[in-house]
Every structure is written in C-alpha cells, then in structure tokens.
Protein chains: 2
Amino acid sequence: MATGTRRAQRRTEALSRERIVEAAVELLDAAGESGLTFRVLTERLATGPGAIYWHVANKRELLVAATDAVVADALAARSTGSPREEVHAVALGLFSAIDAHPWLAAQLLLQLSRSPGGPVTPRILESLGRRVRALGVPEEHWFTATSVLMHYVLGAAGQNAANSQVAEPDADRAEFLAATAQAWEALDPEEYETTRLMASQMREHNDREQFLAGIDLVLAGVAALYPGGRA
Amino acid sequence: MATGTRRAQRRTEALSRERIVEAAVELLDAAGESGLTFRVLTERLATGPGAIYWHVANKRELLVAATDAVVADALAARSTGSPREEVHAVALGLFSAIDAHPWLAAQLLLQLSRSPGGPVTPRILESLGRRVRALGVPEEHWFTATSVLMHYVLGAAGQNAANSQVAEPDADRAEFLAATAQAWEALDPEEYETTRLMASQMREHNDREQFLAGIDLVLAGVAALYPGGRA
DNA sequence: ACCTGAACACCGTTCAAGT
DNA sequence: ACCTGAACACCGTTCAAGT
C-alpha cells in the first residue's frame, strides 16, 4: 500500500526531466513537501545532484513542473453537460486531485499568487473561464466570476485535504475534524459566538456535497447578476 | 524609507515573546518569508538562538504568532453600517493588511488549511461570519457562505499582493501586471482562448474596486438563495 | 528563570572533472 | 551532451554551561 522504498533499480533508462518530475511527485505524495529533497531524489534516481540540475533549473522549477503535471492530468477529462454540471465536474476534478495529493493545495495557492505567468494559473483559469462564458456572463465580468470560483475551489479543497493529510484517511480524518470543532467550541463565548455556532456545522462538513454547496452559492450570484444566462 | 539595519542597540529591554514577534514581522516585511532567519533574528535582537527558543517553540510557531498579530490588528477596527458595508469593510481591512505585508497571504492560506485550530482561522471566520448572520442567512448555511467569502478574500488579496511584492510599489506593479497579461496573450489560441480574452480584463484589474466586485458577486448569491435578508 | 554560543544534522546549489 | 560527487554556504534546532 505504501509507496515503499524502491531505489537504484531501473538504471537502464536514461535520466530525463519527465522521470525526475515523476519521482518528485512520488516523493511529495509519500511525505509532503518536506519529503522532496535533492538528497532523497538523488538516491531514488541513483544519480548525483548535478545530473538533476542539468535537467531542472532549481527546486522551485521542479515544484512548478510537478504541480503542473498533476493539474494537467486532473483537468484532462472532457465533460459534457449544462454549464452548471460542467463547473461541478471541473471543480470536483480539482477537489479530487488535491485530496489525492495533499501537497498540491499549498503549491497551487503559492504559484497562483507568486507566478501567475506560470503554466498552472492559465490552465485552471481556462477550464473554469470557459464554463463561466457558457453561463452567459458578459465578457467584462468573466474575470471576476472566474476568480471567485477559482479561489473558492482551491481554498475549500485545500482545507479539505488538510484533514486527510495527517495520517490514515478514515479514522484520523474524523478525528481531525472533531479536534478542530472542539478547538472552536472552546473559544471565548463573547468574542467568538458565531464561530462556536458554526463549529457543529463544520464537524460533518468538508465532503463533496458541502463543497458543491459553495459552488452553487457562487453560481446563484452569477445567475442573479446576469439573468438570461443558461445554467 | 527602507527598514534599514538597526542592530544590537536597545539592549536595555529584556527579551520577550512580544519583542521577538515584533522583530519577526519587521524582517518579514523587509525581505519576505526567506528573510526571517534565526541567524538574522538573533543578530537583530543581540542574543543567541537559545534565548529565542526559550520564548518560542520553533519557527512555525513564530510564523503563526506573527501572522496572528498582524491579522488581529487588521480586524481591530469596529465598523458600523449595513451588513453589506460591514462585509466590505472587513474584506478591505484584510486586503490592506495583505497589501502592506505581502508575506501574509501565503501564511494565511497555509495556516487556514494546515492548522484550522490555530488562532488565525477563528479570527477571520468570526469577523466575516458575524456579518453573514446579519445578512439573514439561515444558520445551517453560515459556514458555507462564510467559507466562500473567506476563500475569495484571501485568494484575491494574495494575488493582488504578489503584484506589489516585486519591488517598488508603483512602476513595477503595472509592469508585473502587464507581464502576466502578456504571458497569457502569448498562449496557444485554441487551447487558451478564454484566458487570452481575459488577459486585457486582468491588466487593469486587482485594485480595490475589482476586489469588491467579487465580494458583491458572492453577496448576490446569498441574497438570491436567502431572500428576505437585509443586505 | 533566563540567556549564551558552540555544535549537529540537514538543506539547496555549484563546479571542476570525467565520459 | 550528459553525468559524477566533493565541496560550499546556509539553515533550524539542541544542549551543556553559565548567571
């Protein structure tokens, strides 16, 4: 079940940027961002650091490439349906990818703000923006509507992923949620009245259904501001 | 204008957690997250690393404390007005704080997902959640509506902050936006048709007005789903 | 109780040298 | 063109020792 420690085996294949990125994703999946190290990567690929640096400029670029590879894969499936259904499909695709690769959320949020010229931002903007167009939003508001959608999708999916990130996917996930809810309920009743009341709501939250409720809230706003569209 | 290099001067005051956090914020403001180092911090405070570790458990805790201090300050002002106006005020307060402390965005996003039991998440949830309540949203939907609002506010503000982060606030900001827009316009016309069309929209975007347009989109969704509220 | 500072284990990155 | 591996500068953190 665990990714295990395979090393120095397939020395037959030559090193390539692709194989490096593939190994990077495996390391990230297995141990999170701190698990990706040139030392470990070097051992896994049975080479020296210089070999990796010949194919990749630096660690930042490697993280961008790993992120882009996973996102491209997550957005590859072409859905067909009403614009609303397609938005759901794209959002769930990203949700699932982040759930399967918990390190992805932080990388996406960082790269979105730090290097919007990189490959990842356009990929996500295009997938969502196309459906926003199809909803009948006027062109000058595409960017606003798409931005709201994108930030919610990534933020909420990231929050969800944190829950499964701890350890085993099932037992600890509920435990993590319960611990968070408890922390909120222990807050000062006067200063944090609303948060305390939201805690119970939060305890059984964070699955796909709750996630889509947020999407539909945004879509309701779109429909209200731009009537005549076809959701 | 620059924060400059003051060091080893005020040795009179004793070391305290407060002074350490204060110095940490200064270093983060001056040089971003990579500028906060125990070596530099140690020099600035004219002590050894052991002294800092006596007041603070580790670097993560120091970042949480620095983030919390800045956010608490940003949310301190009590606004009065319609729920919609108050949501605007809270959102702009966070927007301004992130603009003034560009490292804040990444920290908020990380802490939101990695440690929602920490002090920062409840602070933001409470500020926004209280106004969501006032909008007339039924209790079982407070969390959804507040989440959408929160993720958009932090995501969009973070994206905006990246623009001023580069160097000088004025000249380079427009330059950064233009470079991003150009990168998008250079994309493949078939695969990225919508992103290319959004590029021009994006070029003069990212100020307060555009930011608030996203907020109003969410509020329109709230009003549509829960009529009878008073925005 | 609070601080000192040398030491430890580790990191990303470079670069002369090989093939 | 592609790879090796020792070395460099730096990091967060620890801990015996001081006051």
Side-chain angles (χ1 to χ4, degrees), chain A residues 5 7-67 103 106-107 110-111 114-115 118, chain B residues 5 7-67 103 106-107 110-111 114-115 118:
Chain A
T5 48
R7 70 177 73 171
Q9 48 184 34
R10 32 173 190 181
R11 276 297 256 116
T12 51
E13 291 179 63
L15 203 56
S16 69
R17 191 182 155 97
E18 260 187 5
R19 284 205 50 219
I20 293 172
V21 171
E22 181 195 330
V25 170
E26 288 174 9
L27 291 179
L28 288 165
D29 288 347
E33 192 181 338
S34 68
L36 176 57
T37 283
F38 275 83
R39 300 268 189 300
V40 179
L41 199 55
T42 260
E43 192 188 351
R44 177 84 144 231
L45 295 169
T47 64
I52 295 171
Y53 275 94
W54 200 90
H55 290 95
V56 160
N58 50 41
K59 191 177 182 181
R60 196 165 41 74
E61 187 184 301
L62 182 55
L63 280 166
V64 168
T67 302
W103 52 274
Q107 280 306 309
L110 289 184
Q111 291 174 32
R114 291 227 250 259
S115 43
Chain B
T5 47
R7 69 177 71 173
Q9 48 185 36
R10 31 172 190 184
R11 276 296 257 118
T12 51
E13 290 178 64
L15 203 54
S16 70
R17 191 181 155 97
E18 261 186 4
R19 283 207 50 219
I20 294 172
V21 171
E22 182 194 331
V25 170
E26 289 174 9
L27 291 179
L28 288 165
D29 287 348
E33 193 182 336
S34 68
L36 177 58
T37 284
F38 275 84
R39 300 265 190 302
V40 179
L41 198 56
T42 260
E43 192 187 349
R44 177 85 144 231
L45 294 170
T47 64
I52 294 172
Y53 275 94
W54 200 90
H55 290 96
V56 159
N58 49 42
K59 191 177 182 181
R60 196 166 41 75
E61 187 184 300
L62 182 55
L63 280 166
V64 168
T67 302
W103 52 272
Q107 280 307 308
L110 289 182
Q111 290 175 31
R114 291 228 249 260
S115 43

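Per chain, numbering begins at 1; letters A, B, ... match sequence-line order. Hydrogens, waters and symmetry mates play no part in the numbers below; they use all other heavy atoms, side chains included.
Summary of the strand contacts: B:Ala51 and A:Thr37 both lie near DNA chain C, and taking for each the nucleotide with the nearest heavy atom, the more 5' one is attributed to B:Ala51. The 5' end of DNA chain C is approached more closely, in terms of each residue's nearest nucleotide, by B:Ser16 than by the other of B:Ser16 and A:Ser34. In this structure, B:Lys59 and B:Gly50 both approach DNA chain D, and ranking their closest nucleotides by distance from the 5' end singles out B:Lys59.
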- Task: Could you please spell out the steps behind the salt bridge (charged side-chain N to carboxylate O under 4.0 Å, His left out) verdict for A:Arg17 and A:Glu61?
- Result: CA-CA 11 Å; A:Arg17 191 182 155 97; A:Glu61 187 184 301; 2.7 Å; yes
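The side chain of A:Thr47 sits closest to D:dT4 out of D:dT13, D:dT4, C:dC11. With C:dT14, D:dT13, D:dC3 as the candidates, the nucleotide lying closest to the side chain of A:Pro49 is C:dT14. Taking only side-chain atoms of B:Tyr53, from C-beta outward, the nucleotide of C:dT14, D:dC3, D:dT14 with the closest atom is D:dT14. The side chain of A:Trp54 lies closest to D:dC3 when the candidates are D:dC3, C:dC3, D:dG12.
OP1 or OP2 of C:dC3 has at least one side-chain nitrogen or oxygen of B:His55 nearer than 4.0 Å.
To the nearest angstrom, P of C:dG12 lies 10 Å from CD of A:Glu33. Spacing between atom CZ of B:Arg39 and atom C1' of D:dC10 amounts to 7 Å, rounded to whole angstrom units. Whole-Å rounding puts the B:Ile52 CD1 to D:dC15 P distance at 18 Å. Put simply, CZ on A:Phe38 is 20 Å from P on D:dC8, counting in whole angstrom units. We find that CD of B:Glu43 is positioned 15 Å from C1' of D:dC11, with the value rounded to whole Å. Going from atom CD1 of A:Ile20 over to atom P of C:dT13 covers 13 Å, rounded to whole Å.
From B:Ile20, atom CD1 reaches atom CZ of B:Arg44 across 13.5 Å, with rounding to the nearest 0.5 Å. Within the model, atoms OG1 of A:Thr47 and CG of A:Leu15 stand 5.5 Å from one another, a figure rounded to the nearest 0.5 Å. Distance check, rounded to the nearest 0.5 Å: CD of B:Glu33 to CG of B:Leu110 gives 7.5 Å. The CD atom of B:Glu43 sits 15.0 Å away from the CZ atom of B:Phe38 when rounded to the nearest 0.5 Å.
Looking at heavy-atom distances under 4.0 Å, A:Leu41 makes no contact with the nucleic acid at all.
Within a 6.0 Å sphere centred on CD of B:Glu18, heavy atoms belonging to other residues, nucleotides or ligands number 12 at most.
The side chain to side chain contact (heavy atoms under 4.5 Å, CB included) test with B:Gln107 is passed by exactly one of B:Leu63, B:Leu28, B:Val64: B:Leu63.
Stem analysis of DNA chain C (Watson-Crick or G-U pairs, both distances under 3.5 Å, runs of at least three) returns C:4-8 with D:12-16, C:12-16 with D:4-8.
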